[in-house]
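Comments concern the structure below.
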Amino acid sequence: MEENDLIKVTTVTTEECEKAIKKEKEDIFEENQDAEICNLIAIDTETEAFDKKLGITPRNAKMIGLSLSQDGVLADYSTDKKSWAFLMPDDEQTVIFHNAKFDFGVLRRAGLPVPQKFEDTLIASHLLDENNAHGLKLLAKKHLGINDPVTFNEADKMRLLDPEVFAEYARNDARYTFRLWEKFRTELDKQELKEVYEMEKQLLPVVMAMETHGMKIDTDSLAAISLEVKAESARLKSEIFDLAGMEFELNKPLSVGVVLFDKLGLKCPKQTAKGARSVDSESLKEIAHPLAVKILEYRSIDKLANTFIKVLPKFADENGRIHPEFKPLGAATGRFSCADPNVQQIPNKSELGKAVRRAFICDAGNKLIVADFSQMELRVLAHYSQDETLLKAYCTGGETDLHTITAQKIFAKEDVDKNERGIAKMINFGIAYGITDVGLYRRLTATGITTTQGECKRYIDDYFKTYKGVHKFLKKVKETIQKRGYVKNFFGRRRRLKGFSSREIRQAQNFIIQATSADLVKRAMVALAGKLPEGAQLISMIHDELIIECRSDHAEAVLKIVVEVMQDTPEGFTVPMPVDAKIVDCWADAK
DNA sequence: TACAGTAGCGCG
DNA sequence: AAAGCGCGCTACTGTA
């Protein structure tokens, strides 16, 4: 209550504001001798409400107000456009945001300067607690003891009826942000997260540029594929109905189950989480009935048609470019996630999938540089485990195929066939996920390899006999998570897990590998941004792969820079990270 | 009509 | 009890 009395409701006009702000700054400076605190200011931009139907998104929402707080108690809010430029702090000041990526975009669209020095409570919150949500009101409740923070929707309803309600809401956003940063900055220090935090900060402008530039797609070719796919899917559908001897609703798991298990009397090999008869691809593969095979074929085409071919053109702007949202903190492991559209799940395996990738092109006169780390996670595993065999394969140079080596060890012979190499490959990748004999058996059978659970147990046992260092490493991570309740990756990023269940132990083990890989790529992205020539632009990241678009006559030089930057490992990292890079005209040609 | 949950599946 | 980590998207289902 006292706090509210302190707050003078100010309606700032253009003429007054410059003077008023100057005076306020001086007042606070007198009260507070801590120069660093004085140089801090929290800012929040307010925009019109997002509305999918009206096409108002975080990417284009118009700025309607600016709130500022220099101490977490006093705050201003202005809806007067002309005042914003005056209110914005100078470049000497450090500006605190909650989600700077969003506010930067809003400020830029409003023609306002984007602060040079900034902090971000959203990044901090993610690094300090990767397991929970990070909404500003939620954090205010949790860390500042605010009882019932007014939500945006509540305030927005009152915006025109009673502008002061909305103004107070906006001022509170700036106050909360300021006060959260006071808490988070010390906590980041305590948990030795400053280095990761700084990297995430440096990454922000890189990601923004990536999103702004976007990826060029060939909408014509997608339209052509769409026609073919429609015909093919109709053909498959009628074949399926012929085989079944009836028509049914192909997209309903329940209906598929009725046909397979009730009408044809086939046995259901698997149940869903809720106990229903599962008709997923693993189940259908095991059934192996001609009808099941056709349904699988139909599904893969239907999936690609509905998720990619039909949808991608809708995301294209007037230049034929899509602008996916890349979220640097979208995953608990520090990996990016991606949405609208998610280009991290663009098909890669089937022929139809490759046709989709062929639609990812570049502007005339340009080329794409597609660069990916080779066997990244296995190399990170080699670094962590310091396993003799892994290090020998990855550090001594020359051509080595780890999957063949593993196969040779497991099957105890020099000449291994394709099948045996395939088993070894699955184990090599599965290890980083904490695979069990049950899991290995299921996956090998799903790929069409005949084996038994007992045999799989022997494979895994033999793997660990060979890769003793890997076994030791996984054991150590297990002990750490059980003892401490958190684990750290190479850069100090944390994952907090109780470590009680086998699942949590696997998550901890995988985190070390996945998170270290993710941060190596983030580090490369930051470094790359400063080194690319004018006109060359990062346009996408797919976990261990970066895509750059540049002028054709720069392509050779850019490729060299990209490979050099990506391959540069940090001090103390013991395994080389080779990069495969290609100059191509479309994404599909990279493979 | 809106939203949450489930099943299934695309990627690394 | 589940049995491989991390995501987002679509279609369907159930509820209000």
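All heavy atoms count here, side chains included; hydrogens, waters and symmetry mates do not. All values derive from a computational prediction rather than experimental measurement. Lettering follows sequence order; numbering is per chain, from 1.
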Evaluation steps, side-chain contact (heavy atoms from CB on, under 4.5 Å), between D462(A) and K465(A): CA-CA 5 Å; D462(A) 284 355; K465(A) 260 184 226 159; 3.7 Å; yes
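Of the listed nucleotides (dG10(B), dG6(C), dA7(B)), dG6(C) has the atom at the smallest distance from the side chain of T333(A). For T307(A), counting side-chain heavy atoms from C-beta on, the closest listed nucleotide (dT10(C), dG6(C), dG10(B)) is dT10(C). Nearest nucleotide to the side chain of P253(A), out of dA7(B), dC11(B), dA11(C): dA7(B). For D340(A), the listed nucleotide lying nearest its side chain is dC9(C); candidates were dA2(C), dA11(C), dC9(C). Ranking dA7(B), dC7(C), dT10(C) by closeness to the N306(A) side chain, first place goes to dT10(C).
Residue contacts shown for A332(A) are limited to sugar-phosphate atoms, with no base heavy atom under 4.0 Å away. No contact: Y441(A) has no heavy atom under 4.0 Å from any strand. In this structure, Q507(A) reaches the sugar-phosphate backbone alone: every heavy-atom distance under 4.0 Å involves primed, P, OP1 or OP2 atoms, never a base.
Salt bridge K498(A)/E504(A): absent, no basic N to carboxylate O contact under 4.0 Å.
K270(A) has its NZ atom 11 Å from the P atom of dA7(B), to the nearest Å. Taking atom CD1 of residue I435(A) and atom P of nucleotide dA3(C), one finds them 12 Å apart after rounding to whole Å. dA3(C) atom P lies 15 Å from atom CD1 of I460(A), rounded to whole Å. Taking atom CZ on F500(A) and atom C1' on dA1(C), their separation rounds to 17 Å, with Å as the unit. Atom OH of Y298(A) and atom C1' of dC9(B) are 14 Å apart (whole Å).
In this structure, Q345(A) and I431(A) both approach DNA chain C, and ranking their closest nucleotides by distance from the 5' end singles out I431(A). If G439(A) and S337(A) are placed on DNA chain C by their nearest nucleotide, the residue sitting closer to the 5' end is G439(A).
With hydrogens and angles ignored, no donor-acceptor pair under 3.5 angstrom links the side chain of K252(A) to the base of dC12(C). Remark: the R335(A) side chain and the dG12(B) base include a donor-acceptor N/O pair separated by less than 3.5 Å.
In this structure, the ring of F473(A) has its center no less than 6.0 angstrom from the ring center of Y467(A).
Comparing the P positions of dA7(B) and dA3(C) gives an interatomic distance of 13 Å, to the nearest angstrom.
Partner of I548(A) under the side-chain contact (heavy atoms from CB on, under 4.5 Å) criterion, out of I583(A), V370(A), V562(A), I539(A): V562(A) alone.
Considering only heavy atoms from C-beta on, D302(A) stays 4.5 Å or farther from L250(A) through its side chain.
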